[in-house]
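Side chains are part of it too, since the values below use all heavy atoms of this structure and drop only hydrogens, waters and symmetry mates. For the single chain, residues carry numbers from 1 onward in sequence order.
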Amino acid sequence: MKLSDTKFKEIFPFNNPRSGQKELIEKIISAYESGKKYVILNAPTGTGKSVIGYTIAKYFESAYILTSQKVLQEQYYNDLSIPLVLGRNNYTCQKNSALTCEMGECFRNSKKMCKKTVNGKSVIACPYLVARDNCLMSPFSNLNYSYFLAMTELEMLSKKNLIIADECHNLENELIKKCTIKIDDALLKYINKKLTLPIPSATSAAKCKWLIVDLNEEIRSEFLYLKGKLNKLKDLKSTREYKKIATKHSVFEKLIISINSIKLQLEKNEKIIVTQDKDFIEFKMLHGKNIFKETLEKFSDRFLFMSASILNYKCFINDLGLNPLDVEYIECDSQFPVENRLIHYTPVGSMSFRSKNETMPKLIKKIDQLLKANKNVKGIIHTGNYDIAEKIIQGLSFSDQSSRLLMPRGKERQTILDIFYTSSKPYVLISPSLTEGIDLKEDLSRLCIICKVPYANLMDKWTKTRMSESQEWYINLACMTLVQMTGRSIRSETDFATTYILDSDFLNLAKNSTKIFPKWWQESVVTY
C-alpha cells in the first residue's frame with residue numbers, strides 16, 4: 001500500500017522520516033489491509049521502531065502501546081507525548097506526602113478519596129487516578145505489560161484498534177510472570193511466623209494445594225485484618241505505623257492476586273513448574289500462550305510486535321500460540337556502518353560450568369589488558385552471572401583498573417548507575433543483568449566485553465523443562481540475549497563501540513545458529 005504524501009504527513013510525527021521508515025510503515029499497513037491480524041517487525045536499534053509504531057497507531061486512530069520497562073514508557077511520553085500511567089507506588093499521596101498512592105486511604109475507602117474543587121465542582125485529585133483516567137481515556141494509551149495485565153482483571157479497559165507490543169521478545173516472560181510466585185522463609189515469617197514450607201518430598205500437586213488452599217487462606221485472613229486496622233487509623237500523623245501496615249497490606253494484596261492467577265491456570269490444566277530448595281519454593285507457569293489468549297487478544301483485532309531481537313519468528317509465533325496464517329513477518333537491516341559495531345571474537349577458554357574455574361585466570365588477565373588498552377573510555381562488561389562478576393572484581397584487585405568497575409545491584413542499583421552516567425571518570429559497568437533496557441549511547445560506552453555466552457541456566461527446573469520440549473527455543477534464547485548485549489553500546493548511525501566475546505563456547509553457538517543470527521549482526525563478527 002502506498003500512502004499519499006498528504007496522508008503520511010498527517011500521521012507521521014516529524015518533518016522527515018529516517019531512511020526506510022516510510023517503506024516499513026507502508027508494508028505494515030498493507031499487511032493489515034490484506035487481512036493479517038499479527039505483524040512482527042524485527043528491526044535493529046536505529047530503525048526508529050517507536051516512531052513507526054506511533055505512525056501505525058495514528059493510521060488506525062487508537063492503540064495500546066505496551067512496553068516492558070518504565071524507561072521506554074517515558075521515552076514514548078517525552079518523544080511523542082503519549083499519555084502514560086505507572087503503578088500506584090510511583091505517585092505521591094496528596095493527603096500525606098510520606099505515602100505513595102499505593103498506601104493511600106482512598107484505595108480502601110472511596111469515601112476518603114483525594115478531591116479538589118474546580119469551577120465549583122468536586123473532582124478527583126489523586127495523582128494516580130488522574131494519570132490513569134487520562135491515559136486510558138486517550139485514543140493512545142502508554143502502559144507497561146504488567147500494568148496492562150493487571151487492568152484486564154478490573155474490567156477497566158476498552159477495545160482499541162491496535163495493540164503495539166514493544167520489546168516483544170519479553171512478552172511471553174511478562175505473561176508467565178503473571179502466574180509466578182516465589183515464597184521464601186523470610187516471606188513466610190512476614191506472613192505468619194508459624195508457617196513453614198511444604199516438605200521437599202511432597203508431590204507437585206500437594207505443594208500446589210498448600211499454596212492455593214493453606215497459604216492462601218492464611219494470607220487472606222491476615223489481609224482482611226490489616227484492612228480493618230488501616231480503616232481504624234484515622235490519625236494520619238502516625239505515619240510510621242500507618243506506612244508499615246499499608247506496606248504489608250499491599251504485599252498481601254499482590255500475593256492474593258498471584259495465587260489466584262495460578263489457581264485459575266491449574267483449573268485449566270496448565271502446567272505449573274514447582275521448584276523447591278531448602279529455603280524457598282517457586283510456582284511458575286510453563287507457557288504464556290494461554291494468558292495471551294485470555295488477556296491481550298480480547299482488546300484488539302490487530303497486533304504489532306516490535307523488537308530488535310526476534311531472531312526466530314517461528315519460535316515467537318509458537319510461544320504465543322499464534323496462527324501462522326494470520327502472521328506477517330517483516331525484517332530490515334541495520335543502518336549503522338559495520339565498522340562502527342565490530343564484534344571481536346577473541347576466546348580465552350570455555351566458560352561452561354565444568355571449565356570456568358580453569359578459564360577464569362585467563363579471562364581476568366584478558367579483561368585487564370582490554371581495560372588498560374581502553375583506559376580513557378567508559379564501557380560495560382557482561383558477565384552472565386554475579387559469581388563471575390564478583391570473581392572478576394576480586395581478581396582485578398591487584399590491578400589499577402579495579403577502581404573503574406561499578407556493579408549496580410540491589411537497593412544501590414540506581415544510585416550506582418547515576419554515578420556512572422554523570423561522572424567524567426572512565427567507569428566500566430560490570431553486571432549479568434544489564435543485557436537490555438539500558439541506553440549507553442556515545443561516550444557512555446565505547447567498550448563492551450562479553451565474558452560468557454548467555455545460555456540459560458539448566459540447573460533451573462523451569463528452563464530445563466522448556467529446553468526438553470524444544471532445543472531450538474533454548475538456542476534462540478541465547479542468541480537473542482547475545483544480540484541484546486551487543487546492542488547496549490551503539491545507539492545511532494554516528495555512534496561506535498568495540499565489542500569483545502571472550503568465551504570459546506561462542507564458536508559452537510555461531511556454527512549452530514547461522515540461520516538465527518541476523519545477517520547484519522553476523523557481518524560485524526571478526527574472528528582470529
Side-chain angles (χ1 to χ4, degrees), residues 68-69 170 173 177 180 182-187 275-282 284 348-368 370-371 378-399 401-421 427-438 440 445 447-464 474 477-478 480-482 484-489 499-506 509:
S68 55
Q69 298 173 43
N170 289 317
N173 283 339
K177 203 186 295 182
T180 299
K182 187 174 183 177
I183 309 288
D184 58 19
D185 283 334
L187 182 56
T275 304
Q276 186 170 3
D277 207 336
K278 61 180 180 179
D279 57 359
F280 79 87
I281 186 167
E282 182 184 64
K284 186 174 182 179
V348 297
S350 170
M351 286 298 289
S352 67
F353 181 77
R354 291 181 179 179
S355 305
K356 67 177 181 179
N357 288 337
E358 182 184 341
T359 303
M360 278 303 301
K362 292 179 277 188
L363 181 81
I364 292 167
K365 183 179 179 181
K366 184 65 176 179
I367 290 172
D368 189 42
L370 291 172
L371 289 175
K378 289 186 175 183
I380 184 168
I381 302 173
H382 296 289
T383 62
N385 57 58
Y386 281 107
D387 179 58
I388 293 172
E390 288 164 354
K391 284 179 178 175
I392 291 169
I393 292 170
Q394 185 180 3
L396 284 174
S397 60
F398 67 88
S399 170
Q401 300 302 312
S402 62
S403 62
R404 294 173 63 189
L405 301 183
L406 296 177
M407 184 163 67
R409 191 177 186 181
K411 293 180 180 179
E412 301 299 314
R413 175 186 168 97
Q414 192 55 51
T415 302
I416 293 171
L417 284 174
D418 288 341
I419 291 170
F420 175 82
Y421 289 139
Y427 285 124
V428 175
L429 296 171
I430 180 168
S431 174
S433 63
L434 297 176
T435 58
E436 57 182 285
I438 184 169
L440 302 180
S445 179
L447 173 68
C448 173
I449 301 172
I450 296 171
C451 301
K452 184 180 185 302
V453 171
Y455 289 113
N457 182 11
L458 287 176
M459 299 295 287
D460 177 76
K461 186 177 177 182
W462 183 90
T463 302
K464 191 172 182 179
Y474 184 70
L477 183 61
M480 183 177 74
T481 307
L482 193 55
Q484 286 287 336
M485 285 176 169
T486 59
R488 295 309 91 215
S489 302
T499 297
Y500 296 89
I501 298 177
L502 307 185
D503 185 358
S504 63
D505 293 332
F506 171 70
L509 179 67

Could you tell me the separation between the CG atom of D505 and the OG atom of S355, rounded to the nearest 0.5 Å?
-> 7.0 Å
Nearest 0.5 Å, what's the CD1-OG1 distance between I380 and T499?
-> 10.0 Å
Nearest heavy atoms of Y386 and P432, plus distance in Å | CE2-CD, 3.5 Å
Pairwise side-chain contact, L429 with P408, heavy-atom cut-off 4.5 Å (strictly under) | yes
Just by modelled atom types, is the M351 backbone N or O under 3.5 Å from a matching donor or acceptor in the T359 side chain?
-> no
To the nearest 0.5 angstrom, please state how far the CE atom of M360 sits from the SG atom of C451.
-> 7.5 Å
Decide yes or no for D184 and D279: does some side-chain heavy atom of the first lie under 4.5 Å from some side-chain heavy atom of the second?
-> no
Does the side chain of R488 reach to within under 4.5 Å of the side chain of S445, using non-hydrogen atoms?
-> no
Between L434 and R413, the two heavy atoms sitting closest are CD2-NH2, 3.5 Å
Going by heavy atoms in the side chains, are N385 and N457 under 4.5 Å from each other?
-> no
Drop me the distance from H382's NE2 to C448's SG, to the nearest 0.5 angstrom.
-> 4.0 Å
Which pair of heavy atoms, one from Y474 and one from L458, lies closest together, and at what distance?
-> OH-CG, 3.6 Å
Any chance you could measure Q401, atom CD, to L370, atom CG, to the nearest 0.5 Å?
-> 10.5 Å
E358 atom CD: more than 12 heavy-atom contacts under 6.0 Å = no
State whether the side chain of S504 and the backbone N or O of G349 hold a donor-acceptor pair below 3.5 Å, judged by distance alone.
-> yes
Closest approach of I364 to K391 (non-hydrogen atoms, all atoms of both residues) = CD1-O, 3.6 Å
Would you say the side chain of L371 lies within less than 4.5 Å of the side chain of L396, judging by non-hydrogen atoms?
-> yes
How many angstroms lie between CG in L405 and CD1 in I392, if you round to the nearest 0.5 Å?
-> 8.5 Å
Is the number of heavy atoms from other residues, nucleotides or ligands within 6.0 Å of OH (Y421) greater than 12?
-> yes
Show your reasoning for whether side chain to side chain donor-acceptor pair (under 3.5 Å) applies to E436 and N170.
-> CA-CA 10 Å; E436 57 182 285; N170 289 317; 2.7 Å; yes
L447 vs Y500 side-chain heavy atoms within contact, under 4.5 Å = yes
Heavy-atom pair of closest approach, residues V453 and D503 = N-OD2, 2.9 Å
Decide yes or no for F420 and L440: does some side-chain heavy atom of the first lie under 4.5 Å from some side-chain heavy atom of the second?
-> yes
side-chain contact (heavy atoms from CB on, under 4.5 Å) between T180 and E282, worked out | CA-CA 7 Å; T180 299; E282 182 184 64; 4.1 Å; yes
Got I449 and V428 here, is their nearest side-chain heavy-atom distance under 4.5 Å?
-> no
Closest non-hydrogen atoms of K461 and T275, given as atom of the first, atom of the second and distance, are CB-OG1, 3.5 Å
Would you find more than 12 non-hydrogen atoms of other residues, nucleotides or ligands less than 6.0 Å from K362 atom NZ?
-> yes
